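Here the structure is a predicted model, which is why all the values come from computation and not from measurement. Proteins come first, then strands; the chains are lettered A, B, ... in the order of their sequence lines, and each starts at number 1.
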Amino acid sequence: MKKNYNHKKIEKIVQKQWKKKNYFKTIENYKLKKYYCLSMIPYPSGYLHIGHVRNYTIGDIIARYKRLNNKNVLHPIGWDAFGLPAENAALKNNLDPHTWTKKNIKYMKKQLKKLGISYDWNKEITTCDPKYYKWEQWLFLKLYKKKLVYKKKSIVNWCPNDKTVLANEQVIQNKCWRCNTIIKNKYISQWFIKTKKYAKQLLNDLKYLNNWPENVKNMQKQWIGKSKGIKITLKINEFKYKIKIYTNNKFKSILKTICISISKTHKIIKNIKKINNKIKNLIKILKKKQNKKYLGFNTKINAINPINNKLIPIWITNFTEEQYNTNEIFVTNENKIQDIFIKKYKLQNKKKLNNKCLSKKKLKTNKLKKLFHLMKKQKLIKKKINYKIKDWVISRQRFWGVPIPIIKFKKSIIPVKNKELPVLLPKNDNDIKNNLKKNVKWKTYILNNKYATRETDTFDTFLESSWYYARCTSPNYKKSIFNKKKANYWLPIDTYIGGIEHATMHLIYFRLIHKIMKDMNLLKNKEPAKTIICQGMVLSDTFYFIEKNKKKWINFSNIKKNKKNKFFIFKDNKKIEIIYDGINKMSKSKNNGVNPNEIIKKYGADTLRLFIIFSAPIEKNLYWIEDGINGCFKFIKKLWKIVLNFRKIKIPKNNIKNKNLKNIKYLLNKLIYDVTNIIKQKLYLNTAISKIMKFIKHIKHHNIKEQNSYIFFKKCINTLLIILYPFIPHISFYLWHKMKNKKNIDKIKWPKISKKQLKQEINIQIAIQINGKTRKKINIKNTYNKNKIILKIYKLNLLKNYFVNKNKIKNIIYIKNKVINFVIK
RNA sequence: ACCGAAAUGGUGAAAUUGGUAAACACAGUUGACUCAAAAUCAACCGAUAAAAAAUCAUGCCGGUUCGAAUCCGGCUUUCGGUACCA
């Protein structure tokens, strides 16, 4: 054993052992108690960044802990490999996205291995692999059969110059990020999943998710957005038509209505066009100016208010559908957005008129009630529950995604037959910019001598990440989407770990697809995951400069600062001033990530893992500063030294017993108790580490002269290595061998807690307060009762400076083992 | 604008059922070892004050309570999400 801690050597040796003996292979033994621990799989964007390290370290800590606690653990990994960045990179470098993605996966896989995450690599999945996406196409066809998907026109961002659909991220200040052209809105036909049909279930089943964070459940609740209200039928003044409008306000609130706002696609527009020939042009203008806020125009058509028979003007606006996900709303000034609209078009005066009507007539509640019931009888009012959640658009006009298995004829469509799956994405496509549409060879399909074309859209990549957790239970299964028996053994996921940014979209799609698969009888459980851990994001400083009207993002590691606190870089020997964009989550697109390789090289994976966990509580956002890392490195070196020194000591042969071990034995037991509870339930992993650090500080200079203290000290070290193993597995594994333990540390059981010892009598310090302010401290035994403590305080005369006589004491409050508070007049 | 969070020393943070504010670390200062540096070890380390006593300190304003970082009401700032980044 060499003198100095050499992380490079140790980590290499240990990782080799794990690989050689296939340590983390999943055992398919249905008799064992299972534990499914899953971290959200990464998008292979290039290299792992610190946010990934955080995510996968948390998962690894839990997986390793559960293995030591006799659980049969499934801890898989995969790649969410389809997506926009691959296309962008491919365009930029004139590459095939396959190649780019594969290269990234290879690199990132190496990084994960270097971090020592205990994955079963046999269970690895890659979503751009036909073996995987075949089953997504299969699933889609099932949904098609069950009529859970449909086609409808919807708005996309359209760049008229590039002639492509742009993602929201690619639109910068209403312009195309590549060519700076002002973007337009285009209505195109899209595939939808009937998410609304599951709204009620998605909402109600939140109550089963006891181990989900409250904030996540709350966000989902708001996202689903249930409201109870009424649907009112109103007559149109100018022609025979009845318009139905939902409101979650009370019936009489119609009196406050200033106008009715309808969408540009509303059914009534057909009728309006017959009367008002300007409408066509006005709608065109509206479509063009979709991005202007709260635009609208008066149709000169009115609805009749059933309460007072007054006319309510109907406006067509560009925010009805977009903001409210419906085709018609009552507009009042009680809503902030609507109020802006009202003020913009000076509709306010009409509101005053309405109010005057109200006050003149003095409508009584009785009269209103009668009218309400009458209308209800006539079915002009219906009670209705409304959900804000929208149906999910799953089609994308992109190349790098799963092809949608549909054949289009001139007037009809048919699904691809199961036999013909997978519909493969063409390799070496030269024109990914124009997606699959221009690939005539690929899209042409001949059936019974009739020409047809394949659907050239691909799926939203959120679809792949909505069912991979089930496929991970049997990633190579060829007969179906997954092996049902295996899936039902492993599912639900016991702990699912990912960033808080996924609280709504991903985690709702994930629950939705699970429920759909359950209804298809593929799965048993109501919900896909028992526990969710939402880690905070890793943030860092973000910088850019503008070149040719485009933002160029510069990594903070390259930025220099001058005396005037201005940021700059040198490029081609020129000094360029840089704009600070604040603190943002680490991402490839903003080039503010940190590649962990350099840190691993310098300090090792164990130090990095320890540091990322120790730096902040896991649910909190972490602003990346490398400063504290040396402390974690020092800690591991200290551990190394303790074991090294211990090995030099020979077992004392004397028969003297050290009688002062009682206190430290209590501390060791308490440490096991605390760390166990933290990993098991609370997950304040940073405090677990500080507790271990504190204990090591305590025992570091322990003298070992007696046989019993030698034996106890050995027990201390071995226990420490086990409880540190989930956090820093390499060094723990290595030192465990050096302590001459026979079994490998992976096969050891987690140390037991002695409940009896926890209750043992110890010395503690409590605070003496006067009116809630701490004035003195006193040492007592934890077994003392209130009276005994008061007596001791009087005996020591500790309160002499604070009150003159005992008559002034109004009350004495004692909080066990913490505080004794004298309440004084 | 809406929804969800966060704010505590020079810095990361601790105090998770309302009970000793700053544990554990980083940085810093001083000392030991060393020709020297690094590493290691030891001491100090919220502010005011020479020190003690004391007072003030958990983003801001107010409230409840014997007692508030924690609960309630009202703000400010920062971060995440807002349906095509993933």
TODO: Compute the ring centroids of A:F611 and A:W624, then answer whether they are less than 6.0 Å apart.
DONE: yes
Task: Distance in angstrom units between A:R396 CZ and B:rC84 P, rounded - done: 5 Å
- [ ] Dump the intermediate steps for side chain to side chain donor-acceptor pair (under 3.5 Å) on A:D391 and A:Y150, then the final yes or no.
- [x] CA-CA 10 Å; A:D391 282 346; A:Y150 65 95; 2.7 Å; yes
- [ ] Determine the interatomic distance between P on B:rC85 and the same-named atom on B:rC71; round to the nearest Å.
- [x] 35 Å
Open item on the list: Checking contacts here: which listed nucleotide (B:rG80, B:rG12, B:rA83) is nearest the side-chain heavy atoms of A:S615?
Closed with: B:rG12
TODO: Quick one: pull up CG in A:L202 and CD in A:Q220 and give me the separation to the nearest 0.5 Å.
DONE: 7.5 Å
Open item on the list: On the side chain of A:Q397, is there an atom forming a donor-acceptor pair with the base of B:rC84 - under 3.5 Å, no angle test?
Closed with: yes
Open item on the list: Exactly one of A:F82, A:W467, A:W79 should register a ring-ring contact (aromatic ring centres under 6.0 Å, His included) with A:Y132. Which one does?
Closed with: A:W467
TODO: Looking only at side-chain atoms of A:R775, point me to the closest of B:rG4, B:rA54, B:rG19.
DONE: B:rA54
- [ ] Identify which nucleotide among B:rG4, B:rA86, B:rC66 has an atom closest to any side-chain atom of A:I813, counting heavy atoms from C-beta outward.
- [x] B:rC66
- [ ] May I ask you to say what A:Q170 touches in the nucleic acid, namely base, sugar-phosphate or nothing, with a heavy-atom cut-off under 4.0 Å?
- [x] nothing
Task: Inter-nucleotide P distance (B:rA14, B:rU8), Å rounded - done: 11 Å
TODO: Classify the glycosidic conformation of B:rG9 as syn or anti, calling it syn when the angle lies within 90° of 0.
DONE: syn
Open item on the list: Distance check, C1' atoms only: B:rU29 and B:rC45, in whole angstrom units.
Closed with: 8 Å
Open item on the list: Regarding A:L84, tell me which of base, sugar-phosphate or nothing describes its non-hydrogen contacts under 4.0 Å with the strands shown.
Closed with: sugar-phosphate
Task: From B:rC84, B:rA83, B:rG19, nucleotide with atom closest to A:K818 side chain - done: B:rG19
Task: A:Y509 side-chain proximity, nearest of B:rA83, B:rG4, B:rU20 - done: B:rA83
Open item on the list: Heavy-atom nearest nucleotide on RNA chain B for A:P42 versus A:I764: which residue maps closer to 5'?
Closed with: A:I764
Task: Centroid-centroid distance, A:Y469 to A:Y496, less than 6.0 Å - done: no
Open item on the list: Quick check: closest heavy atoms across A:R511 and A:L209, and the distance to 0.1 Å?
Closed with: NE-CD1, 3.9 Å
- [ ] Please evaluate the base of B:rC66 for a donor-acceptor partner in the side chain of A:N811 within a cut-off of under 3.5 Å?
- [x] no
- [ ] Assess A:K786 against A:Y814: is NZ or CZ under 6.0 Å from the centre of the six-membered ring, and within 45 degrees of the ring's axis?
- [x] no
TODO: In whole angstrom, give the distance that lies between atom CH2 of A:W392 and atom P of B:rA83.
DONE: 15 Å
Open item on the list: Please confirm whether the shortest side-chain N or O distance from A:K773 to OP1 or OP2 of B:rG19 is below 4.0 Å.
Closed with: no
TODO: Hey, which sits more toward the 5' end of RNA chain B by its nearest nucleotide, A:V393 or A:N215?
DONE: A:N215
Task: Inter-nucleotide C1' distance (B:rA25, B:rG9), Å rounded - done: 14 Å
Open item on the list: I want to verify a distance call: between B:rU40, B:rG19, B:rG80, whose nearest atom is closest to the A:I815 side chain?
Closed with: B:rG19
Open item on the list: In this structure, how many angstroms lie between the C1' atom of B:rC3 and the CG atom of A:L507, rounded?
Closed with: 16 Å
- [ ] Find the distance A:H52:NE2 to B:rA86:P and express it as a whole number of Å.
- [x] 13 Å
- [ ] Looking at every strand, decide which applies to A:E501 at a 4.0 Å heavy-atom threshold: base, sugar-phosphate, or nothing.
- [x] base
- [ ] Can you tell me the distance, in whole Å, between the CZ atom of A:F462 and the C1' atom of B:rC84?
- [x] 9 Å
Open item on the list: From C-beta outward on A:K694, which listed nucleotide comes closest to its side chain: B:rG4, B:rA23, B:rU20?
Closed with: B:rA23
TODO: Give A:K641 one of three labels, base, sugar-phosphate or nothing, depending on what nucleic acid heavy atoms sit under 4.0 Å from its own.
DONE: sugar-phosphate
Open item on the list: With rounding to the closest Å, how many angstrom separate the C1' atoms on B:rU11 and B:rU17?
Closed with: 31 Å
Task: Pair assignment for RNA chain B - dot-bracket with | for other-strand partners, Watson-Crick or G-U under 3.5 Å - done: (((((((..(((......[....))).(((((.......))))).(((.....)))..(((((..]....))))))))))))....
Open item on the list: Closest approach to the side chain of A:T687, judged atom by atom: which nucleotide of B:rA14, B:rC84, B:rA83 is it?
Closed with: B:rA14
Open item on the list: Let's see if you can work this out: which of B:rA83, B:rC66, B:rA25 has an atom nearest to the side-chain heavy atoms of A:N168?
Closed with: B:rA83
Task: Residue-phosphate contact under 4.0 Å: A:N218 side-chain N/O, B:rG4 OP1/OP2 - done: yes
- [ ] Please measure how far the C1' atom in B:rC2 lies from the corresponding atom in B:rG12, and state the result in whole Å.
- [x] 33 Å
Task: Selection from B:rG80, B:rA86, B:rA39 that lies nearest to any side-chain heavy atom of A:H502 - done: B:rA86
Open item on the list: Working note: A:T542 + A:D581, criterion side chain to side chain donor-acceptor pair (under 3.5 Å); need CA distance, chi angles, decisive distance, verdict.
Closed with: CA-CA 5 Å; A:T542 315; A:D581 193 52; 5.2 Å; no
- [ ] In whole angstrom, give me the gap between the C1' atoms of B:rU16 and B:rA23.
- [x] 15 Å
TODO: Please state how far atom NZ in A:K634 lies from atom C1' in B:rC26, giving the value in whole angstrom units.
DONE: 8 Å
TODO: Quickly work out the A:K602 NZ to B:rA38 P distance and round it to whole Å.
DONE: 14 Å
TODO: Indicate whether OP1 or OP2 belonging to B:rG19 is found under 4.0 Å from a side-chain N or O atom of A:N821.
DONE: no
Open item on the list: Measuring only the C1' atom in each nucleotide, how far is B:rU58 from B:rU20? A whole number of Å is fine.
Closed with: 15 Å
- [ ] Verify the contact: side-chain N or O of A:N584 to OP1 or OP2 of B:rG80, cut-off strictly under 4.0 Å; return yes or no.
- [x] yes
Open item on the list: Base, sugar-phosphate or nothing for A:I389? Non-hydrogen atoms, less than 4.0 Å.
Closed with: base
TODO: Output the distance between atom CZ (A:F192) and atom OG (A:S154), rounded to the nearest 0.5 Å.
DONE: 4.0 Å
Task: A:S540 (side chain) donor-acceptor with A:G593 (main chain) under 3.5 angstrom - done: no
